[in-house]
Number of protein chains: 2
Amino acid sequence: MELSERKKKILQIVVDDYIDTAVPVSSKVISEKYMQNVSSATIRSELSALEELGYLTQLHTSSGRVPSAEAYKLYVSDLMVKEHLSKKELDYIKEIFLQKADNIENVFKNALKVISELSGYTSVAVSQSAVEDKIKEIRFFRFREDKALVLIVTELKLLKDNYIEIPKEMTDAELEEANAFINKLFKEKSFEEICNLEVDFDESFSGYKTIFINVIDALKAYFSAKEDSKLMIDGQDKILRHKDFLDVDRIKEFLEVVTSKDKLLDIMTEDNRELKINVKIGSEGYEKLPKDSSLVTASYSVHGKKIGTYGVIGPSRMDYQKVVAVLENVGRIIESILADKE
Amino acid sequence: MELSERKKKILQIVVDDYIDTAVPVSSKVISEKYMQNVSSATIRSELSALEELGYLTQLHTSSGRVPSAEAYKLYVSDLMVKEHLSKKELDYIKEIFLQKADNIENVFKNALKVISELSGYTSVAVSQSAVEDKIKEIRFFRFREDKALVLIVTELKLLKDNYIEIPKEMTDAELEEANAFINKLFKEKSFEEICNLEVDFDESFSGYKTIFINVIDALKAYFSAKEDSKLMIDGQDKILRHKDFLDVDRIKEFLEVVTSKDKLLDIMTEDNRELKINVKIGSEGYEKLPKDSSLVTASYSVHGKKIGTYGVIGPSRMDYQKVVAVLENVGRIIESILADKE
DNA sequence: TGTTAGCACTCTTAATGCTTGACTGCTAAT
DNA sequence: ATTAGCAGTCAAGCATTAAGAGTGCTAACA
């Protein structure tokens with residue numbers, strides 16, 4: 001059922017005012033502050049209808065109305081007036097992104113910082129590239145007689161400090177040869193493909209077998225080690241500045257979800273509808289999220305291929321206008337940077 | 001003035017009991033639970049004397065006694081009965097430290113994890129090596145025509161992903177030559193020395209000047225970028241499990257100090273007495289620390305040279321026995337690992 | 001001189017009841 | 001369809017009370 005224009009307007013007012021003041025919105029406030037031409041009694045009947053439809057709730061019989069999860073979703077997708085960032089904010093974004101961004105990890109870190117600073121909420125990002133990312137080149141760098149550093153250049157990332165053991169008696173020339181062999185074998189393959197690779201080591205190559213296994217192990221170690229750090233977070237403390245988190249249990253719940261990371265990782269990677277901006281709200285559907293908190297995410301892609309997701313987590317009563325504006329701007333910059341690198 | 005044996009015993013009891021129960025300790029509890037042969041009235045006069053001496057305080061006239069900062073310090077240095085870790089805990093330590101520890105950063109991360117898991121508090125570590133660490137080898141690895149990866153092997157660390165720009169027209173052979181030149185120049189020098197290095201580029205070497213400057217810049221970037229991440233933290237959420245942090249302001253204060261990092265960095269690097277275990281308590285002297293919280297630190301050294309500091313931050317009412325036991329054990333392991341690497 | 005019992009005093013904490021004010025929902029009139 | 005008015009509900013703040021925990025002091029005792 002489609003809402004009447006007036007209902008939409010009232011709903012928008014409720015959400016806006018509630019985000020602004022954190023106080024349940026009463027019919028009186030609406031009629032006096034926003035709609036002087038309509039009496040509070042009229043508003044009351046509209047509010048009551050909106051409640052019936054599931055967009056509003058009351059904390060108790062004699063309190064004003066508070067938006068429901070549904071209302072926030074509708075607000076972000078339809079009702080909300082899109083905001084533009086100020087010149088100052090845009091300059092800040094540019095300034096941060098100018099810093100050392102040769103490594104994709106740094107691009108993420110910069111993005112996280114910008115998002116959390118400008119929005120005032122905790123920012124999160126998860127890279128979904130790792131599994132699909134392909135190897136461009138592998139290079140061994142011997143620096144002890146029985147150790148080598150494996151340097152792996154991928155399409156998007158640079159994996160480093162994966163040490164492997166090599167046989168002491170192997171000469172530098174032999175190592176070079178092994179390098180070339182493995183390089184040829186691994187090139188243009190994803191990690192997944194490599195892990196499933198079955199190789200016949202014929203006589204002449206049997207010396208490489210140890211190295212081969214060590215490299216695979218290093219890759220696996222990299223995977224399992226990074227699996228939990230794939231989720232990056234910045235501005236954890238931001239949450240404390242919002243009056244929504246006044247009681248200790250709320251803060252605990254929030255920080256537990258954010259610091260444990262795995263729950264968040266689940267939610268961020270689960271369904272990935274092709275929406276530009278995705279809003280998930282704790283309770284009603286997303287029980288893993290802290291109660292009454294929202295996760296607003298966006299995805300970024302390079303050459304049409306989705307690479308990761310980034311976003312903001314905070315109270316449901318969140319400044320969605322700013323958050324969406326920040327996410328969209330940062331998204332554009334990330335995509336242009338990554339496309340450039342290619 | 002030296003405390004009488006009985007006063008010491010009572011003080012120890014107060015601290016132990018307070019750590020255990022989080023309830024101000026009364027004369028009655030002491031006499032009934034710990035010293036049945038003495039009446040509560042006697043304890044009362046002893047307590048009152050200890051308060052006079054600055055070891056105990058009262059929250060209000062009719063409350064039990066709570067240890068002061070002085071009391072905690074004395075407790076850790078003299079009074080406390082040292083605890084030994086259980087077989088299970090020791091096994092856990094070993095298990096964690098077996099994981100991928102080729103890189104010093106991972107040694108730290110492992111240590112942080114162990115410390116925070118076993119103690120139940122937030123763990124912190126700061127490396128003081130960076131400034132003094134000497135370069136062992138520098139290697140260029142070209143991978144775009146105008147870019148190279150600078151790989152710097154130091155005595156203890158491996159710096160990586162510092163990209164530098166190189167002149168397009170430079171041949172690989174020339175790059176090799178430049179590599180050798182810079183390697184020779186930087187070898188066995190600390191970063192500080194390198195930054196102050198004045199080099200005369202005579203005619204034949206003038207082509208390296210760009211590279212030289214780029215490398216220095218990369219090092220500097222590394223420095224300034226890492227300056228704030230030099231402080232590593234694990235288990236931030238641990239603080240929430242302790243009943244000392246029941247009101248929101250305490251949590252806020254704590255998290256602000258811990259997440260902003262710079263205050264903590266100051267405190268951890270400031271005075272470094274050669275004590276094995278160092279206790280700093282918020283309020284009274286260390287205003288930068290959150291109120292009523294303690295920072296317990298230890299330092300580790302390799303070949304007699306101090307390299308860094310690690311520790312635990314949590315409520316003053318902290319399980320010092322466990323914390324000290326964990327720190328000492330982890331310290332021994334770190335030192336043996338680092339000594340091995342040499 | 002050190003120890004103890006007893007008692008008065010202080011202060012916190014929790015429970016209770018009361019008042020005020022902010023809303024709503026309903027109804028009847030416009 | 002809108003509005004004004006009114007009764008009913010609930011939260012929040014405030015004062016009062018009672019109970020309980022713990023101390024300090026004093027006087028008596030070994």
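Heavy atoms only: backbone and side chains are in, while hydrogens, waters and symmetry mates are out. So you know, we letter chains A, B, ... as the sequences are listed, proteins then strands, and number each from 1.
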Tell me: CD of Glu46(A) to C1' of dT3(D), nearest whole Å? 14 Å
Could you tell me whether Lys252(B) atom NZ has more than 12 heavy atoms of other residues or ligands within 6.0 Å of it? yes
Looking only at dA4(D), dC23(C), dC11(C), the nucleotide nearest the Ser62(A) side chain is dC23(C)
May I ask you to evaluate whether Ser27(B) reaches the phosphate of dT23(D), defined as a side-chain N or O under 4.0 Å from OP1 or OP2? yes
Determine: side-chain N/O of Arg44(B) to OP1/OP2 of dA21(D), distance under 4.0 Å, yes or no. no
Rounded to the nearest 0.5 Å, how far apart are OG of Ser299(A) and CE of Met268(A)? 8.0 Å
Side-chain atoms of Ser26(B) come closest, of dT24(C), dT23(D), dT3(D), to dT23(D)
Counting only side-chain heavy atoms from C-beta out, which of dG25(C), dA4(D), dT24(C) sits nearest to Glu51(A)? dG25(C)
Take Ala41(A) and Pro24(A), find for each the nucleotide of DNA chain C with the closest heavy atom, and name the residue whose nucleotide sits nearer the 5' end. Pro24(A)
Let me know the distance between CD of Glu52(A) and C1' of dG25(C), rounded to the nearest Å. 13 Å
For Arg6(B) and dG2(C), what is the distance between atoms CZ and C1' respectively, to the nearest whole Å? 8 Å
Hey, does the side chain of Thr61(B) come within less than 4.0 Å of dT23(D)'s phosphate (OP1/OP2), counting only N and O? no
Please report the distance, rounded to the nearest Å, between CG in Leu59(A) and P in dC10(D). 13 Å
Distance in angstrom units between Gln36(B) CD and dT3(C) P, rounded: 17 Å
Please check the phosphate of dT2(D) (OP1 and OP2 only) for any side-chain N or O of Ser39(A) closer than 4.0 Å. no
In the structure I gave you, are the side-chain heavy atoms of Thr269(B) and Thr309(B) within less than 4.5 Å of one another anywhere? no
Please determine, for the side chain of Thr42(A), which listed nucleotide (dT3(D), dC23(C), dT3(C)) has the closest atom? dT3(D)
Return the value, rounded to whole Å, for the distance between atom NZ of Lys33(B) and atom P of dA21(D). 15 Å
Between Glu256(B) and Lys261(B), is the closest basic N to carboxylate O distance under 4.0 Å? no
Does the side chain of Ile313(B) come within less than 4.5 Å of Thr297(B)'s, by heavy atoms? no
Could you check how far CD1 of Ile43(B) sits from P of dC25(D), rounded to whole Å? 17 Å
Whole angstrom value for the distance that separates P of dC6(D) from NZ of Lys28(A): 16 Å
Within the structure shown, what part of the strands sits under 4.0 Å from Ser45(A) by heavy-atom distance: base, sugar-phosphate, or nothing? nothing
Mind checking Ser40(B) for me? I need base, sugar-phosphate or nothing, with any heavy atom below 4.0 Å counting as a touch. nothing
Using only side-chain N and O atoms of Arg65(A), determine if any of them is under 4.0 Å from OP1 or OP2 of dG25(C). yes
